[in-house]
2 protein chains.
Amino acid sequence: MKKAALELEAKSGPVAVGDKTLRAFHGYQMKRTFNVIQSDLSRTLKPFDLRMLTYSALVLIVDNPGLRQSQLAEAMDIERPNLVLIVDELERRDLIIRDRLPNDRRAYALKVTLAGRQLYQKTIAAVKAHEEMLLEGIGDDALATAMDVMRRIEKNHRRVG
Amino acid sequence: MKKAALELEAKSGPVAVGDKTLRAFHGYQMKRTFNVIQSDLSRTLKPFDLRMLTYSALVLIVDNPGLRQSQLAEAMDIERPNLVLIVDELERRDLIIRDRLPNDRRAYALKVTLAGRQLYQKTIAAVKAHEEMLLEGIGDDALATAMDVMRRIEKNHRRVG
DNA sequence: TATTGTTATACTCTATAACTATA
DNA sequence: TATAGTTATAGAGTATAACAATA
């Protein structure tokens, strides 16, 4: 069964849920929205045999060649141990390589391979279409404001954390 | 170690990461922001022995007495099987009750107990402070726009789903 | 037949401690 | 001593199939 057409009143505004009026709390809409983005992006990436995490890693390595694993983990906001299997998978598929740094033999410089760059190029149109579909009807100004709000929330946390 | 003070350029805007300029993609900021909200809210709820999921369920039951489990699962955007342990936990702690519906003996009407309502009341100030901290410096208009954008994204997905 | 709640199960993501090799 | 990457492990959250009781 697909989602019914109900509305629930939330402190952050109405959230469509069923055929009742419910009330929720802030932070809750963010979760729902992220779930939507995550599941839709996963479906989009499936034909390329990529997940959101492996795709994120690939994009960051493509755009930032020579990145260390610890830097990539920080960029992806995950712990270093959790990145190992992600990099393993990309390397096993010959999409990236781990290149020892000559001046610091503890670390790796992560670099995309030709195959990795080609796969990345193939995903671009699909990911763009995915985002355009989800963002349809949303003005550029509203989207920019929403992204600003999210970055501000992230910074507010860091100030404490 | 805490996050360093670097900036990485992303298609959705700059994302602070390390001491390099990186590029990312849309949907990625949402994940980072949700992680922040999730981890901060979890820390806020810990003294009350609640998680985001158990808290969400409690709030929805408080505000919508008599809700069925299937409706609650839909409201929380999770599958019915995954709600069972959440409701089990709340019921075991005598925060809610499962009340058989007389007209449909397959279903339960979920209702908050006095203890559940008291716990919910105790959490209000803490959750409010949590949200005020994360939303500090964000104008009402910007926040409203951001929430509108998120609801729109959710609706755009459903249209396809 | 269909629906409500349940059980079992598996997969993904996340978090922590401890190890190795290098610095 | 400290850092980069790794291993092992455990805990959450999520998704699907199949079942019993009821409609």
Side-chain angles (χ1 to χ4, degrees), chain A residues 1-2 4 18 28 30-32 34-43 45-46 49-57 66-92 96-110 161, chain B residues 1 4 18 28 31-32 34-43 45-46 49-57 66-74 76-91 96-110 161:
Chain A
M1 185 189 100
K2 264 297 96 191
Y28 180 83
M30 177 76 65
K31 178 187 163 70
R32 298 179 68 91
F34 173 63
N35 282 352
V36 159
I37 292 174
Q38 162 101 302
S39 77
D40 189 275
L41 182 58
S42 295
R43 205 160 1 99
L45 293 174
K46 194 150 202 173
D49 207 9
L50 290 169
R51 292 165 289 141
M52 188 161 179
L53 281 172
T54 51
Y55 177 69
S56 301
L67 205 62
R68 289 171 176 225
Q69 278 189 212
S70 53
Q71 292 177 312
L72 180 56
E74 189 186 355
M76 293 175 65
D77 214 13
I78 63 178
E79 299 300 319
R80 266 72 76 210
N82 296 327
L83 181 62
V84 175
L85 290 182
I86 294 167
V87 172
D88 280 354
E89 182 180 334
L90 294 175
E91 192 183 35
R92 180 181 48 74
I96 64 162
I97 58 166
R98 280 173 164 113
D99 208 8
R100 278 284 183 210
L101 284 173
N103 51 320
D104 186 345
R105 292 181 41 72
R106 293 172 302 183
Y108 292 115
L110 301 175
Chain B
M1 184 190 101
Y28 180 85
K31 177 186 164 71
R32 298 180 68 92
F34 174 64
N35 282 352
V36 159
I37 292 174
Q38 163 101 299
S39 76
D40 189 275
L41 182 58
S42 295
R43 205 159 3 101
L45 292 173
K46 195 150 202 172
D49 207 9
L50 290 169
R51 291 165 290 143
M52 189 163 180
L53 281 171
T54 51
Y55 177 70
S56 300
L67 205 62
R68 290 172 175 222
Q69 278 188 211
S70 53
Q71 291 176 312
L72 180 56
E74 189 185 355
M76 292 175 66
D77 215 12
I78 62 178
E79 299 300 318
R80 266 71 77 211
N82 296 326
L83 181 61
V84 174
L85 289 182
I86 294 168
V87 171
D88 279 353
E89 182 180 333
L90 293 175
E91 192 183 36
I96 63 161
I97 57 167
R98 280 174 165 112
D99 208 9
R100 277 285 181 208
L101 284 173
N103 50 319
D104 187 344
R105 293 182 41 73
R106 293 172 302 183
Y108 292 115
L110 301 175

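Reminder, nothing fancy here: chain letters follow the sequence lines and each chain counts from 1. The analysis underlying the following values was restricted to heavy atoms, covering all of them including side chains, and did not include hydrogens, waters or symmetry mates.
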Pairwise 5' ranking along DNA chain C for A:Arg80 and B:Leu85, keeping only the more 5' one:
B:Leu85

Among the nucleotides C:dT22, C:dT4, D:dT22, which one has an atom lying closest to any side-chain atom of A:Arg105?
C:dT22

Proximity to the side chain of A:Ala107 - top-ranked nucleotide from D:dA4, D:dT14, C:dT14
D:dA4

Testing the basics here: between B:Leu83 and B:Gln69, what is the closest heavy-atom pair and its distance to 0.1 Å?
CD2-O, 3.1 Å

Is there a donor and acceptor pair, one atom on the side chain of A:Arg106 and one on the base of D:dT3, closer than 3.5 Å?
yes

Quiz item: B:Asn82 side-chain donor-acceptor pair to D:dA15 base, under 3.5 Å
yes

Hey, does A:Ile78 reach any base, or is it just sugar-phosphate, or nothing, if we go heavy atoms under 4.0 Å?
sugar-phosphate

A:Arg98 near the nucleic acid: base, sugar-phosphate alone, or nothing, with a heavy-atom cut-off under 4.0 Å?
sugar-phosphate

Between [X] ([atom1]) and [N] ([atom2]), how many Å, whole number?
{"X": "B:Lys31", "N": "D:dT14", "atom1": "NZ", "atom2": "P", "answer": "12 Å"}
{"X": "A:Leu83", "N": "D:dG5", "atom1": "CG", "atom2": "C1'", "answer": "10 Å"}
{"X": "B:Phe34", "N": "D:dG13", "atom1": "CZ", "atom2": "P", "answer": "9 Å"}
{"X": "A:Leu53", "N": "C:dA15", "atom1": "CG", "atom2": "P", "answer": "12 Å"}

State the CZ-CE distance between B:Arg32 and A:Met76, to the nearest 0.5 angstrom.
10.0 Å

Would you kindly say whether A:Arg68 and A:Tyr108 are connected by a side-chain donor-acceptor distance under 3.5 Å?
no

Does A:Gln69 have a side-chain nitrogen or oxygen under 4.0 Å from the phosphate oxygens OP1 or OP2 of D:dT6?
yes

OP1 or OP2 of D:dT3 less than 4.0 angstrom from a side-chain nitrogen or oxygen of A:Ser70, does that happen here?
no

